[in-house]
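Counting starts at 1 for both ligands and their atoms, following the listed order. Only this structure's heavy atoms are used, side chains among them; waters, hydrogens and symmetry mates stay out.
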Amino acid sequence: MQAPPQRGALIVVEGLDRAGKSSQCESLYQKLQQSGRAVKYLRFPDRTTAIGKMIDGYLRCQSHMDDHAIHLLFSANRWEVAHSLEEDIARGTTVIVDRYSYSGAVYSAAKMNPALSLEWAWTPEIGLPQPDLCLFLSISPEAAAQRGGFGVERYENAALQSRVRELFQTIFRLQQSGNIRTIDAGRSFEEVAQEVEISVLDCIAGLDAIGPLRRFQSITH
Ligand code: Z5A
Ligand code: MG
C-alpha cells in the first residue's frame with residue numbers, strides 16, 4: 001500500500017494596508033511553484049463570488065450595510081471555500097492566503113461599535129482551518145505612507161488603521177497557538193521575500209510535528 005501524500009501547509013499572510021502582503025504572496029507563490037511544489041494562492045476578500053461582490057460594493061462605498069451584516073459576509077466569504085481548501089491541503093497542496101480571519105476580526109472590531117466586540121467578531125471564525133503559519137508583515141504608518149496615500153475605499157483612514165494595528169496584537173496574544181511570526185516589512189522587497197520564504201520552508205519541513213490541520217478555537221479559553 002502506498003503511503004498517503006504529506007499534507008500541504010496552510011500559510012496566511014496578514015498585515016496593515018500596503019505592508020506588501022499581495023506582492024509577497026505572489027512572489028512566494030511563484031517561488032514554490034518553480035521549485036515543483038503543488039501550491040495555490042487565495043486572497044480574502046475574494047471579490048469574484050456572489051458574496052464577494054456584495055463585499056466589494058461595500059468597500060467601494062457603493063452600498064451601506066449594518067456592521068454585523070458585512071462582518072458575517074466577510075466570514076461567509078471564507079466559509080464558502082473552507083471545504084475545498086481542506087481538500088487541497090489533504091491532497092498535498094500548500095495554500096497561501098492573503099488576509100484571513102485575523103483581518104476579519106480586527107477590522108470589524110476597530111469600528112468601535114459597542115455591540116461588536118473583538119470576541120463577537122471572532123465567533124464566526126471558530127471551526128475554520130487554522131493556519132500552520134501566519135506571517136504578520138509589520139510596517140510603521142510612516143513607511144506605509146511612503147508607498148502611496150490612502151485610497152478611496154472604506155477603512156483607509158489613519159484612525160482606523162491605528163486601532164487595527166493594536167487589535168492585531170491583541171488577537172495574536174489571544175490565539176497563541178496560531179504560530180504567528182512577525183516580519184519587518186519596512187525593508188527592501190527582496191529582504192522581506194527572503195525571510196518569508198525561509199519561514200515558509202521551515203514550516204513545511206516541520207509539518208509532521210504539527211500533525212493534522214487544526215481548526216480555530218474560541219478566544220475566551
Ligand atoms: N477586510 C475586512 O474588513 N474583513 C475581512 O475579513 C478581510 C478584509 C479579509 C480590503 O482588503 C479591505 O478589506 C481591507 C481589510 C478589509 N481594508 N483596509 N484597509 P484587500 O486585501 O483587498 O486590500 P489591501 O490589503 O488593503 O490592499 P493592500 O493595500 O493591497 O495592501 P498589500 O497587499 O499589503 O500591499 P501590496 O499591494 O503588496 O503593496 C502595496 C504597494 O507597496 C505596491 O505599490 C508595492 O509595489 C509596494 N511595496 C510592496 N512591498 C514593498 C517594499 N518592501 N518596499 C517598497 N515598496 C513595496
Ligand atoms: Mg493586497
Side-chain angles (χ1 to χ4, degrees), residues 12-30 41-49 51-63 65-82 85 96-113 116 118 120-126 128 131 134-165 167-168 171 183-197 216:
V12 163
V13 178
E14 283 282 11
L16 299 171
D17 250 29
R18 287 180 303 286
K21 299 174 296 299
S22 300
S23 347
Q24 290 296 341
C25 285
E26 184 61 43
S27 153
L28 175 66
Y29 171 73
Q30 283 173 13
Y41 169 25
L42 304 180
R43 60 177 300 175
F44 293 112
D46 173 356
R47 303 185 194 220
T48 64
T49 68
I51 292 171
K53 289 193 173 86
M54 286 194 271
I55 295 173
D56 184 56
Y58 174 83
L59 285 172
R60 292 170 188 266
C61 303
Q62 289 164 352
S63 62
M65 253 184 266
D66 171 77
D67 290 342
H68 302 82
I70 183 63
H71 178 75
L72 293 172
L73 286 180
F74 272 113
S75 184
N77 191 226
R78 285 181 279 282
W79 277 105
E80 62 182 335
V81 297
L85 190 156
I96 302 166
V97 182
D98 186 352
R99 286 198 191 272
Y100 195 52
S101 303
Y102 302 108
S103 279
V106 303
Y107 279 87
S108 290
K111 291 176 172 176
M112 298 212 297
N113 178 334
L116 208 173
L118 187 63
W120 191 97
W122 183 256
T123 304
E125 307 304 313
I126 296 171
L128 278 172
C134 170
L135 297 173
F136 179 69
L137 302 192
S138 171
I139 188 164
S140 67
E142 298 74 30
Q146 282 174 3
R147 296 180 185 178
F150 286 119
V152 292
E153 286 207 334
R154 220 180 274 263
Y155 304 158
E156 294 186 335
N157 68 78
L160 189 127
Q161 295 286 331
S162 133
R163 289 198 294 276
V164 162
R165 171 181 297 274
L167 284 163
F168 264 123
I171 193 83
I183 289 187
D184 173 8
R187 296 169 294 165
S188 75
F189 184 85
E190 288 69 27
E191 282 174 299
V192 179
Q194 200 175 16
E195 193 175 339
V196 166
E197 188 185 5
F216 277 133

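Ring-plane geometry between Tyr41 and Tyr29 is classed as tilted, the angle between the planes lying from 30 to 60 degrees on a 0 to 90 degree scale. Ring geometry, Trp120 versus His68: the interplanar angle exceeds 60°, so the pair is classed perpendicular (tilted spans 30 to 60°). Note on ring orientation: taking the six-membered ring where Trp is involved, the planes of Tyr100 and Phe44 are tilted (angle from 30° to 60°).
Under the salt bridge (charged side-chain N to carboxylate O under 4.0 Å, His left out) criterion, Asp67 pairs with Lys111, sequence neighbours left out. Considering only residues two or more places apart in sequence or on other chains, Arg99 meets the salt bridge (charged side-chain N to carboxylate O under 4.0 Å, His left out) condition with Asp17. Residues passing the side-chain contact (heavy atoms from CB on, under 4.5 Å) test with Thr123, sequence neighbours excluded: Ile126.
The immediate protein surroundings of ligand 1, defined as residues with any heavy atom under 4.0 Å of it, consist of Leu16, Asp17, Arg18, Ala19, Gly20, Lys21, Ser22, Ser23, Arg43, Phe44, Pro45, Arg47, Leu59, Phe74, Arg78, Arg99, Ser103, Gly104, Tyr107, Arg147, Tyr155, Gln161, Arg187, Ser188, Phe189.
With a cut-off of 2.8 Å, the Mg ion (ligand 2) has an N, O or S atom of Ser22 in range.
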